[in-house]
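To start, the structure under review is shown below, and the notes come after it.
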Amino acid sequence: MDIPKNLDGQYDPADHEARMQQAWQDADCFNPDNQPNVDSDKEPFSMVLPPPNVTGTLHVGHAMMVTVQDILARYHRMCGQETLWLPGTDHAAIATQSKVERQLKEETGQSRFDLGREEFLKKVEGFAVESHATITAQLEKMGASVDWSREAFTLDEAREKAVRTAFRRMYEAGLIYRGDRVINWDPVGGTTVSDDEVDHVEETGSFWTFRYDADFPIAVSTTRPETKLGDTAIAVHPDDERYAEYVGQTLEANFLGVDLEIQVVADDEIDPDFGTGAVGVTPAHSMTDWDIAKRHDLPLKQVIGEDGRMTAAAGDFAGMTVNEARKAIVEKLDEAELIEETEEVTKNVGRAERTDAIIEHLPKKQWFVNVSKKFKVESSKIDGIEAGEEITLKELMQTAVASGQINITPDRFEKNYNHWIDNLRDWCISRQIWYGHRIPVWYHESKCVPIEGREEDVSKCEPFIVSDKSHDAEFPCPHCGAKYIQDSDTLDTWFSSGLWTFSTLGWPEETKDFKRFHPTNMLVTAYDIIFFWVARMILMTGFLLEDVPFTDVYFHGLVRDGEGVKMSKSLGNTMDPVDVINEHGADALRMALIDGTTPGQDSNISDEKIKKFSKFANKIWNATKFVMMNLPDSYTHEKPAEITGEHQAYLDQLAAKVDEVTANIDKFQFNLAAEKMYEYFWHVFADEIIEATKGQVYGEDLDEKEKASALFTLYEILTTSLTLLHPFMPHLTETLWQELPDTDGLLTITTWPNADKKTNA
RNA sequence: GGGCGGUUAGCUCAGCUGGUAGAGCAUCUCGUUUACACCGAGGAGGCCGCAGGUUCAAGUCCUGCACCGCCCACCA
């Protein structure tokens with residue numbers, strides 16, 4: 001028999017991958033509404049794509065995430081479950097805005113303030129559109145079986161409504177509040193950032209022990225003398241006899257020309273053995289000092305401004321940058337012989353994740369989510385929480401996981417998660433940037449900001465309105481005609497991504513999709529956003545739906561280069577998935593990402609590894625060619641009356657392999673499933689079984705019964721293998737499936753070999 | 001200061017609930033067999049970080065230690 005004409009030569013993915021993607025799109029089978037192989041007895045399977053930031057292009061880390069999810073989606077779809085994998089993108093507020101700001105600066109030298117809010121936002125949106133097009137093209141190229149008809153964007157109209165509704169409901173429950181607190185201020189980005197957006201870098205610096213003035217009885221230590229201009233107290237341990245006589249007193253000091261009133265307080269948190277045992281308390285510029293100040297009702301004195309310069313309260317040092325002031329203060333202290341000791345120490349310096357600016361701690365009025373305030377749960381769907389129970393967001397987040405309702409793979413991350421929640425402070429959700437969901441609060445201009453000369457009767461007017469409705473940035477007050485003006489801040493990007501599993505399904509409307517697909521089944525993501533995102537999703541879903549967002553979380557590791565070095569643009573070792581796909585095919589890339597990697601473990605991707613699987617693809621191509629060359633012209637796959645003992649043993653081995661691979665996928669052991677199929681197809685099927693049957697299917701003096709038995713066995717093993725490999729190598733397997741003589745329709749909606757055995761699929 | 005991960009063949013890594021060590025690449029020998037040279041047959045190469053313990057049996061479980069890496073935490 002001749003070589004099948006479409007299988008001539010070697011396998012070249014470039015000839016087939018796009019064709020197969022088109023065939024799937026044409027059949028529209030990734031849209032669960034049109035999925036033809038749904039088994040109505042089975043539960044649906046749903047997942048959201050963690051929305052990539054619209055800040056550029058996808059990298060191999062995304063490819064890993066997409067591969068794992070696509071394996072799951074295709075597997076569950078083949079098992080007959082109505083399967084939804086919902087794609088989308090994230091506006092990534094600060095990340096996107098700062099990227100566009102940098103571009104603007106480089107190209108025109110302008111800042112966002114030169115352009116103005118409206119013009120600048122147009123620029124950002126233009127950039128986002130471009131980036132979005134790149135990302136969707138990349139996802140398609142990887143073979144992601146997502147349902148594009150349901151695509152969402154964290155900043156589109158439907159999501160805006162979800163965000164406003166969420167904000168309002170949390171506000172009404174008393175969980176969102178506006179308050180003064182010390183926040184993390186990014187002086188370069190000109191915005192607050194949350195605790196999680198601060199990276200701590202170890203740097204060396206001096207640690208000075210000094211007195212405010214020569215007559216002051218207590219010495220204090222600091223790495224940041226410039227903040228000491230804002231000291232309003234000294235805290236000591238209650239049992240510390242050295243300072244007992246001063247506790248309760250208010251001492252006067254003149255610190256390099258600035259008058260200080262220092263209250264001496266006793267606080268259990270102070271370590272008497274560290275430094276002098278006395279801490280200069282700076283409530284305005286330290287979060288821990290702020291806490292101390294709250295406990296002792298201490299006043300607050302801000303000496304550093306939002307521009308990173310000393311304020312008027314800093315006396316002679318006003319107007320200096322923080323660094324200049326530090327230097328000047330140390331010099332003057334030195335001259336006045338007030339420094340008792342200078343030590344070199346290593347210290348953690350907080351830097352803004354996006355701009356790398358050194359974070360300043362400043363007191364500022366911001367919006368927060370209170371994670372420690374009890375609220376009443378109306379009708380709980382969370383295991384371990386009863387309807388009517390009073391609970392905090394922290395407790396809710398921990399219960400959802402501790403109860404086992406949310407299962408984390410690998411489970412060691414559960415510890416991380418709990419530990420983070422234990423230490424969680426209120427979540428600062430307002431940002432002073434322009435790109436994002438504007439805070440849905442409107443302030444009454446005459447009530448909140450009294451305007452001179454106006455005498456409207458404002459007794460009926462609300463000072464501000466929190467609304468889930470769509471309003472303009474300004475609208476007239478129905479009572480007095482003055483204006484309501486919207487808060488100029490935007491929300492932390494994770495506020496909207498926290499709603500992602502249900503905002504994408506139409507919430508707050510009770511849509512069919514929402515009822516059918518929520519809670520979702522799986523969340524697949526890298527472990528580095530467990531706090532940013534996973535925890536916030538559990539928080540938001542827990543409060544708003546009194547439910548969990550998903551029942552399984554799978555964390556994959558970070559992807560490094562072949563030498564195990566973290567990929568970065570500056571090192572030039574980044575890998576664009578599209579380049580790899582163009583050269584070796586998406587299937588080879590997918591297998592290379594899965595092979596030899598375990599959940600949560602960082603892995604290396606190398607050219608060598610990718611080649612391994614492009615060779616494997618070629619092997620499958622050729623084995624299929626061999627089987628087809630030996631089939632009769634109009635082969636139909638029917639079991640012959642007699643299967644020889646030898647062949648039956650092969651089929652039994654195959655059945656066992658099906659069970660093993662299925663079990664591996666069910667347990668999220670994708671590496672084992674992939675390695676098993678590699679080993680089986682190449683070294684068992686190709687090397688042994690095909691070789692052993694060669695003399696039985698072609699040549700002289702054939703036993704016709706044995707030949708029929710052999711051909712049936714070969715075809716059975718081949719088609720079953722292609723089916724098992726489909727979630728991993730969808731393009732190649734679909735291509736071959738289309739060439740085989742007795743296959744029906746698309747492989748991607750063909751039933752998984754032992755799908756009927758699976759009870760809870 | 002807490003927590004987590006890693007330490008297995010020259011390199012990069014698998015090894016699920018404990019039962020006499022595996023893959024790819026590299027290396028050596030042989031083979032132009034009509035699916036595939038992106039191939040086949042065969043070989044060499046491992047006190048499974050160190051030290052104890054549990055067990056009939058440990059790379060796999062327990063304890064301690066060492067080194068590498070990561071995360072969290074502003075000892076002011």
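Lettering of chains follows the sequences in order, A, B, ..., and the numbering in each one begins at 1.
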In plain terms, say whether [X] and [Y] are close enough for a salt bridge, that is, a side-chain N and a carboxylate O under 4.0 Å apart.
{"X": "A/R211", "Y": "A/E340", "result": "yes"}
{"X": "A/E660", "Y": "A/K676", "result": "yes"}
{"X": "A/K364", "Y": "A/E306", "result": "yes"}
{"X": "A/R224", "Y": "A/E360", "result": "yes"}
{"X": "A/D291", "Y": "A/R425", "result": "yes"}

Checking contacts here: which listed nucleotide ([options]) is nearest the side-chain heavy atoms of [X]?
{"X": "A/Q601", "options": "B/rA14, B/rC72, B/rA37", "value": "B/rA14"}
{"X": "A/D687", "options": "B/rA14, B/rG40, B/rU34", "value": "B/rG40"}
{"X": "A/F626", "options": "B/rA35, B/rC72, B/rC25", "value": "B/rA35"}
{"X": "A/H200", "options": "B/rA73, B/rA76, B/rA35", "value": "B/rA73"}
{"X": "A/E675", "options": "B/rC4, B/rA14, B/rG24", "value": "B/rA14"}
{"X": "A/H419", "options": "B/rA35, B/rC72, B/rC4", "value": "B/rC72"}
{"X": "A/Q10", "options": "B/rC36, B/rC74, B/rU12", "value": "B/rC36"}
{"X": "A/W682", "options": "B/rC36, B/rC39, B/rA76", "value": "B/rC39"}
{"X": "A/K612", "options": "B/rC72, B/rA14, B/rA23", "value": "B/rA23"}
{"X": "A/N671", "options": "B/rC16, B/rA35, B/rG15", "value": "B/rG15"}

Just call it for [X]: base, sugar-phosphate, or nothing, with non-hydrogen atoms closer than 4.0 Å on any strand.
{"X": "A/I690", "answer": "base"}
{"X": "A/A686", "answer": "base"}
{"X": "A/Q669", "answer": "sugar-phosphate"}

For [N] and [M], measure between their [atom1] atoms and round to the nearest Å.
{"N": "B/rA37", "M": "B/rU32", "atom1": "C1'", "value": "9 Å"}
{"N": "B/rG18", "M": "B/rU55", "atom1": "C1'", "value": "9 Å"}
{"N": "B/rG10", "M": "B/rC70", "atom1": "P", "value": "26 Å"}
{"N": "B/rC47", "M": "B/rU8", "atom1": "C1'", "value": "12 Å"}
{"N": "B/rC25", "M": "B/rG69", "atom1": "P", "value": "31 Å"}
{"N": "B/rA9", "M": "B/rG46", "atom1": "C1'", "value": "5 Å"}
{"N": "B/rU29", "M": "B/rU34", "atom1": "P", "value": "24 Å"}
{"N": "B/rG53", "M": "B/rG15", "atom1": "C1'", "value": "24 Å"}

Distance below 4.0 Å between [X] side-chain N/O and [N] OP1 or OP2:
{"X": "A/K615", "N": "B/rG24", "value": "no"}
{"X": "A/K609", "N": "B/rG24", "value": "no"}
{"X": "A/W420", "N": "B/rG3", "value": "no"}
{"X": "A/H683", "N": "B/rG24", "value": "yes"}
{"X": "A/Y698", "N": "B/rA35", "value": "yes"}

Rounded to whole angstrom units, what separation is found between the [atom1] atom of [X] and the [atom2] atom of [N]?
{"X": "A/I421", "N": "B/rA73", "atom1": "CD1", "atom2": "P", "answer": "13 Å"}
{"X": "A/F531", "N": "B/rC71", "atom1": "CZ", "atom2": "P", "answer": "11 Å"}
{"X": "A/E203", "N": "B/rC74", "atom1": "CD", "atom2": "C1'", "answer": "13 Å"}
{"X": "A/K415", "N": "B/rG2", "atom1": "NZ", "atom2": "P", "answer": "14 Å"}
{"X": "A/N604", "N": "B/rA14", "atom1": "CG", "atom2": "C1'", "answer": "13 Å"}
{"X": "A/M591", "N": "B/rA14", "atom1": "CE", "atom2": "C1'", "answer": "13 Å"}
{"X": "A/D411", "N": "B/rC16", "atom1": "CG", "atom2": "C1'", "answer": "13 Å"}
{"X": "A/N618", "N": "B/rC39", "atom1": "CG", "atom2": "P", "answer": "8 Å"}

Can you run through RNA chain B from 5' to 3' and write each base as (, ), [, ], | or . depending on how it pairs? Watson-Crick or G-U wobble, both distances under 3.5 Å.
-> (((((((..((((........)))).(((((.......))))).....(((((.......))))))))))))....

Base [N] paired with [X] side chain (donor-acceptor, <3.5 Å):
{"X": "A/K619", "N": "B/rC36", "answer": "yes"}
{"X": "A/K611", "N": "B/rC38", "answer": "no"}
{"X": "A/E691", "N": "B/rA35", "answer": "yes"}

Centroid-centroid under 6.0 Å between [X] and [Y] rings:
{"X": "A/H285", "Y": "A/W185", "result": "no"}
{"X": "A/F255", "Y": "A/F210", "result": "yes"}
{"X": "A/Y678", "Y": "A/F613", "result": "yes"}

Result of checking A/W420, A/W494, A/W427 against A/D196 for side chain to side chain donor-acceptor pair (under 3.5 Å) = A/W420

Specify the residue among A/S606 and A/Y678 whose closest nucleotide of RNA chain B lies further upstream toward the 5′ end.
-> A/S606

Assign each of A/N348 and A/N416 to its nearest nucleotide of RNA chain B by heavy atoms, then name whichever residue's nucleotide is nearer the 5' end.
-> A/N416

Classify the side-chain pair A/D602/A/Y527 by whether it contains a donor and acceptor separated by less than 3.5 Å.
-> yes

Counting N and O atoms only, with roles assigned by atom type, does the side chain of A/N423 sit under 3.5 Å from a partner on the main chain of A/H419, one being a donor and the other an acceptor?
-> yes

Mark yes when over 12 heavy atoms from residues, nucleotides or ligands other than A/E679 sit less than 6.0 Å from its CD; otherwise mark no.
-> yes

Close side-chain approach of A/I262 and A/T232, heavy atoms under 4.5 Å | no

Residues of residues 270-289 of chain A with a heavy atom under 4.0 Å from any atom of RNA chain B, listed by number, are A/I270, A/D271, A/F274, A/V279, A/H285, A/S286, A/M287

